[in-house]
A.B. asks: 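A single structure is presented below for examination.
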Amino acid sequence: AGRVRGDAGVTVFHAEMEEAIGRRHVLERELRHAVERGQLRLLYQPKIDLASGRVAGMEALVRWQHPELGLVSPAQFIPVAEDTGVIVAIGDWVMTEACRQTRIWHDAGHTDLVVAVNVSGRQFRVHDLTRRVRAAIDGAGLTPSCLEVEITESAVMSDVADAVRMLGEWRDMGASVAIDDFGTGYSSLGTLRQLPLSTLKIDQSFVRHMPDRAADRAVARTIVDLARALDLNVVAEGIETEEHAAVLRDLGCDLGQGYLYARPLPPADFLDFVSGRVPA
Ligand code: C2E
Ligand code: MG
Ligand code: MG
Ligand code: MG
């Protein structure tokens, strides 16, 4: 009986493996055409000034709407895009579209909005990324100070020399740079001090349990203090409750984003939000 069960278990395991590998192939194949077929969308999550409640800007978050696969999350397809190199085309599209949309909102009178765009590790290594970013900004008729690039701590720390050069190019251009998911990587303070940064983003894993875990509160406080010492702005992500917001405000965190204020929104809903047509 044991053997029969064992064999059945192996069969199921193989089937799951094949399914996973099959799905991966389908994603790879379909992703190659996603940009040209117009299947990518951007959602915008408001960034709130915790002291005033004002909308300071928004983070562009990509979605892939596939006719058969449905809505695919970036956690699933960005790694595939990185492995296959499609991330370059996707990155160009995201940057261009985020700048185009931001220009529309500026023209509608929301001239202070800063748009944050995520750049992944592999994308970061594309040699002419700065030129591509500049082309997107100029193409939309924006000024570089309206753009913030978000790059994860682990991507920066995996090649510090590269990061110092790249971040320096963006700073010289006039765009700002935020370190995303901060606290999950392994930054040395010496390295951090060398980087031409504007913002640290406290990873949502620390925010989530902050009310009841003293250790997570301590990490958040340390990041806020570090940002102060280095003269950087600090943003918290994943704010879901009033309690999260209150703790962060008391710590002196500048900006926050999370479901408490708004989920990532389609452009029309974001405009409603920022115009105060829907309650925060
Ligand atoms: P991220 O940049 O750290 O973005 C934050 C993620 O947290 C987003 O997930 C957002 O929808 C989610 N989030 C926001 N508020 C809350 C909250 O209150 N609670 C919880 N539980 N989650 C919240 P999303 O949109 O699925 O994106 C996941 C990751 O995919 C992003 O993490 C980013 O690393 C990557 N990504 C998204 N868009 C792009 C893009 O255009 N290019 C690149 N290279 N990566 C992207
Ligand atoms: Mg981000
Ligand atoms: Mg993050
Ligand atoms: Mg994250």
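All values reported here derive from a predicted model rather than from experimental measurement. All ligand and atom numbering here is 1-based and tracks the order in the structure.
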A.B. asks: Which of the atoms in ligand 1, numbered in the order shown and given with their element, are less than 4.0 Å from a heavy-atom of Gln123?
C.D. replies: 44 (N)
A.B. asks: Side chain, backbone, both or neither: which part of Lys201 comes within less than 4.0 Å of ligand 1 when only heavy atoms are counted?
C.D. replies: neither
A.B. asks: For Asp180, counting its heavy atoms only, list the atoms of ligand 1 lying under 4.0 Å from any of them.
C.D. replies: 1 (P), 2 (O), 3 (O)
A.B. asks: Backbone, side chain, both or neither: what part of Ser73 comes under 4.0 angstrom of ligand 1, heavy atoms only?
C.D. replies: neither
A.B. asks: Taking 4.0 angstrom as the limit, do Glu19 and Arg23 come out as a salt bridge?
C.D. replies: no
A.B. asks: Does any donor atom in the side chain of Glu28 or Thr84 lie under 3.5 Å from an acceptor atom in the other side chain?
C.D. replies: no
A.B. asks: Quick check: Arg208 and ligand 1, any N/O pair under 3.5 Å apart?
C.D. replies: no
A.B. asks: Rounded to the nearest 0.5 Å, what separation is found between the CG atom of Asp225 and the CG atom of Leu230?
C.D. replies: 11.0 Å
A.B. asks: Report the part of Val62 (side chain from C-beta onward, or backbone N, CA, C, O) that has a heavy atom under 4.0 Å from ligand 1; answer both or neither where that applies.
C.D. replies: both
A.B. asks: Are any of the N/O atoms on Glu59, whether in the backbone or the side chain, positioned under 3.5 angstrom from an N/O atom of ligand 1?
C.D. replies: yes
A.B. asks: Any nitrogen or oxygen of Gln257 lying under 3.5 Å from a nitrogen or oxygen in ligand 1? Just yes or no.
C.D. replies: no
A.B. asks: Show me the donor-acceptor pairs, under 3.5 Å and distance only, between side chains in residues 49-58 and residues at least two apart or in other chains.
C.D. replies:
from  : atom 1 : to    : atom 2 : distance (Å)
Asp49 : OD1    : Ala51 : N      : 3.0
Asp49 : OD1    : Ser52 : N      : 3.2
Ser52 : OG     : Arg54 : N      : 3.2

A.B. asks: Taking 4.0 angstrom as the limit and counting only heavy atoms of Glu237, give me the atoms of ligand 1 inside it, by number and element.
C.D. replies: 3 (O)
A.B. asks: Does some non-hydrogen atom of Arg63 fall short of 4.0 Å from ligand 1?
C.D. replies: yes
A.B. asks: For ligand 1, which atoms have a heavy atom of Gly238 less than 4.0 angstrom away?
C.D. replies: 16 (C), 17 (C), 18 (O)
A.B. asks: Given 3.5 Å as the limit, does a donor-acceptor pair link the side chain of Gln257 with the main chain of Ala236, or not?
C.D. replies: no
A.B. asks: Which is closest to atom 29 (C) of ligand 1 in terms of heavy atoms, Pro74, Ser205, Gly258?
C.D. replies: Pro74
A.B. asks: Can you list everything that forms a salt bridge (Lys or Arg N to Asp or Glu O under 4.0 Å) with Arg213? Sequence neighbours excluded, please.
C.D. replies: Asp216
A.B. asks: Applying a heavy-atom cut-off of 4.0 Å, say which part of Asp203 lies close to ligand 1: side chain, backbone, both or neither.
C.D. replies: neither
A.B. asks: Considering the heavy atoms of Gln45, write down every atom of ligand 1 situated less than 4.0 Å from one of them.
C.D. replies: 14 (C), 15 (N)
A.B. asks: When you measure from the side chain of Gln45 to the backbone of Ala262, do you find a donor-acceptor pair of N or O atoms at a distance under 3.5 Å?
C.D. replies: yes
A.B. asks: Is Arg263 touching ligand 1 with its side chain, its backbone, both, or neither, if touching means heavy atoms under 4.0 Å apart?
C.D. replies: neither
A.B. asks: Against heavy atoms of Glu240, which atoms of ligand 1 measure under 4.0 Å?
C.D. replies: 17 (C), 18 (O), 19 (N), 20 (C), 21 (N)
A.B. asks: For the backbone of Val177 and the side chain of Ser198, can you confirm whether one donor and one acceptor N or O come within less than 3.5 Å of each other?
C.D. replies: yes
A.B. asks: Verify, without hydrogens or angle tests, whether Asp159 (side chain) and Asp162 (backbone) share a donor-acceptor contact under 3.5 angstrom.
C.D. replies: yes
A.B. asks: So for atom CZ, which belongs to Arg37, do other residues, nucleotides or ligands contribute more than 12 heavy atoms lying within a distance under 6.0 Å?
C.D. replies: yes
A.B. asks: Does the side chain of Glu36 pick up a donor-acceptor pair with the side chain of His33 at under 3.5 Å?
C.D. replies: yes
A.B. asks: Which atoms from ligand 1 have a heavy atom of Val94 less than 4.0 Å away?
C.D. replies: 41 (O)
A.B. asks: Give every protein N, O or S atom lying under 2.8 Å from the Mg ion (ligand 2), naming each by residue and atom.
C.D. replies: Glu59 OE2, Asn118 OD1, Glu150 OE1, Asp180 OD2
A.B. asks: Going by salt bridge (Lys or Arg N to Asp or Glu O under 4.0 Å), name the residues that satisfy it together with Glu150, two or more places apart in sequence or in a different chain.
C.D. replies: Lys47, Lys201
A.B. asks: Taking His110 for the side chain and His106 for the main chain, is one N or O donor matched with an acceptor at less than 3.5 Å?
C.D. replies: no
A.B. asks: Counting only N and O atoms by type, is there a donor-acceptor contact under 3.5 Å from the side chain of Arg103 to the main-chain atoms of Gly141?
C.D. replies: yes
A.B. asks: Is the backbone of Ala140 close enough, under 3.5 Å, to the side chain of Arg100 for a donor and an acceptor to pair up by distance?
C.D. replies: no
A.B. asks: Can you tell which part of Asp181 has a heavy atom less than 4.0 Å from ligand 1: side chain, backbone, both or neither?
C.D. replies: side chain
